[in-house]
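Let me begin by presenting the structure, written as C-alpha cells, before commenting on it.
For the single chain, residues carry numbers from 1 onward in sequence order. Every number for a ligand or one of its atoms is a count from 1 in the order of the listing. Everything numeric in this text was worked out from a predicted model, so none of it was measured.
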Amino acid sequence: MKEKSIELLNKAVVDELTAVHQYMYFHFHCDDQGYELLAGLFKRTAIEEMLHIERLAERIIFLKGEVEMVASGPVKKIHDVKKMLDLAAKMETSSANDYNRWAIECSQNADSVSKSLFESLVVDEETHFDQYDEEIENLAKFGDSYLALQSIERSKNRASGQPID
Ligand SMILES: [Fe+2]
Ligand SMILES: [Fe+2]
C-alpha cells in the first residue's frame with residue numbers, strides 16, 4: 001500500500017514540476033509581450049503548483065519514500081497567447097483526471113490521507129482550469145483588443161508607481 005501511494009505521489013510531483021516550468025515559461029513570455037494580467041495569472045498559478053509539490057513531498061516523506069524531483073521533459077516553447085492558454089487548460093484537465101483516479105486507488109489501498117490530498121488537489125486544478133478557460137473565452141470574445149488592454153493596464157500601473165507582477 002505504502003509503495004503504491006509513494007509511486008502515485010511521485011507521479012504527481014512530476015506533473016506539478018512540469019506545470020511550474022511551463023507556467024513560468026509562459027509568465028516570462030507574457031511579461032515580455034506586455035500582457036500584464038496573463039503574466040500575473042501564470043506566475044500565481046506556478047506558485048500554487050509549487051505549493052502542491054510541497055504537500056505531496058511532505059506525504060511522500062511521511063511514508064518514508066524519496067521525493068523524485070524530475071519534470072517530464074523540456075517546456076513547450078509556445079509564444080502565442082491562445083496556444084499557451086489551450087495547453088494550460090489541457091494540462092489542468094489531465095491533472096484533475098489523474099488525481100481523481102489516484103484518489104480512488106489510494107482509497108482502495110486504505111490510504112485515506114493520500115486520498116484526501118489528491119481530492120484537495122483536484123479542487124485546485126479545477127479552479128486553475130476555470131481561470132484559464134475564462135481567459136480563453138475573453139480572448140475569443142474581445143480578440144486583440146483584450147490583449148491591447150493588458151498592455152495599457154501595465155502602462156497605467158507604471159505611471160501610478162504600482163509594482164508590476
Ligand atoms: Fe497542481
Ligand atoms: Fe493546476
Side-chain angles (χ1 to χ4, degrees), residues 2-33 35-63 65-109 111-140 146-147 150 165:
K2 213 181 86 173
E3 284 67 31
K4 188 64 200 174
S5 289
I6 293 168
E7 184 199 320
L8 295 174
L9 293 160
N10 262 316
K11 275 167 81 171
V13 170
V14 172
D15 199 80
E16 298 287 344
L17 262 178
T18 306
V20 170
H21 292 176
Q22 191 67 63
Y23 296 165
M24 282 311 286
Y25 181 87
F26 288 162
H27 163 73
F28 306 145
H29 283 281
C30 283
D31 187 60
D32 181 50
Q33 295 176 70
Y35 304 144
E36 186 81 356
L37 302 175
L38 284 175
L41 176 63
F42 280 125
K43 184 173 170 181
R44 278 196 311 280
T45 314
I47 292 169
E48 285 178 26
E49 309 297 16
M50 201 186 74
L51 297 174
H52 287 173
I53 297 172
E54 187 179 19
R55 290 165 67 193
L56 291 160
E58 280 167 2
R59 182 69 188 150
I60 292 169
I61 288 168
F62 177 85
L63 295 171
E66 183 56 74
V67 188
E68 307 294 344
M69 292 292 281
V70 282
S72 66
V75 296
K76 297 202 167 53
K77 298 191 171 58
I78 296 170
H79 297 181
D80 173 78
V81 172
K82 169 77 170 72
K83 288 184 182 144
M84 287 183 195
L85 289 168
D86 285 343
L87 177 64
K90 212 174 103 190
M91 286 167 70
E92 296 296 343
T93 307
S94 133
S95 300
N97 288 342
D98 285 345
Y99 298 170
N100 261 317
R101 281 191 286 108
W102 298 344
I104 294 167
E105 216 170 319
C106 288
S107 161
Q108 284 162 350
N109 292 331
D111 179 359
S112 60
V113 175
S114 299
K115 169 193 178 261
S116 302
L117 173 54
F118 278 126
E119 282 174 345
S120 134
L121 296 186
V122 171
V123 175
D124 288 354
E125 310 311 0
E126 285 193 351
T127 304
H128 294 163
F129 171 82
D130 250 3
Q131 289 167 343
Y132 290 137
D133 195 47
E134 206 175 302
E135 297 305 319
I136 291 170
E137 279 174 21
N138 284 340
L139 204 54
Y146 175 65
L147 294 174
Q150 300 205 10
D165 213 354

Does [X] pair with [Y] as a salt bridge, N-O distance under 4.0 Å?
X      : Y      : answer
Asp98  : Arg101 : yes
Glu119 : Lys115 : yes
Lys11  : Asp15  : no
Glu58  : Arg55  : no

* Structure fact -> Protein-derived N, O or S atoms lying less than 2.8 Å from the Fe ion (ligand 1), waters not counted, sum to 5
* List for me each residue that meets ring pair (Phe, Tyr, Trp, His ring centres under 6.0 Å) alongside His29, sequence neighbours excluded, and say none if there are none. => Tyr25, His79
* Aromatic ring centroids of Phe26 and Tyr35 under 6.0 Å? -> no
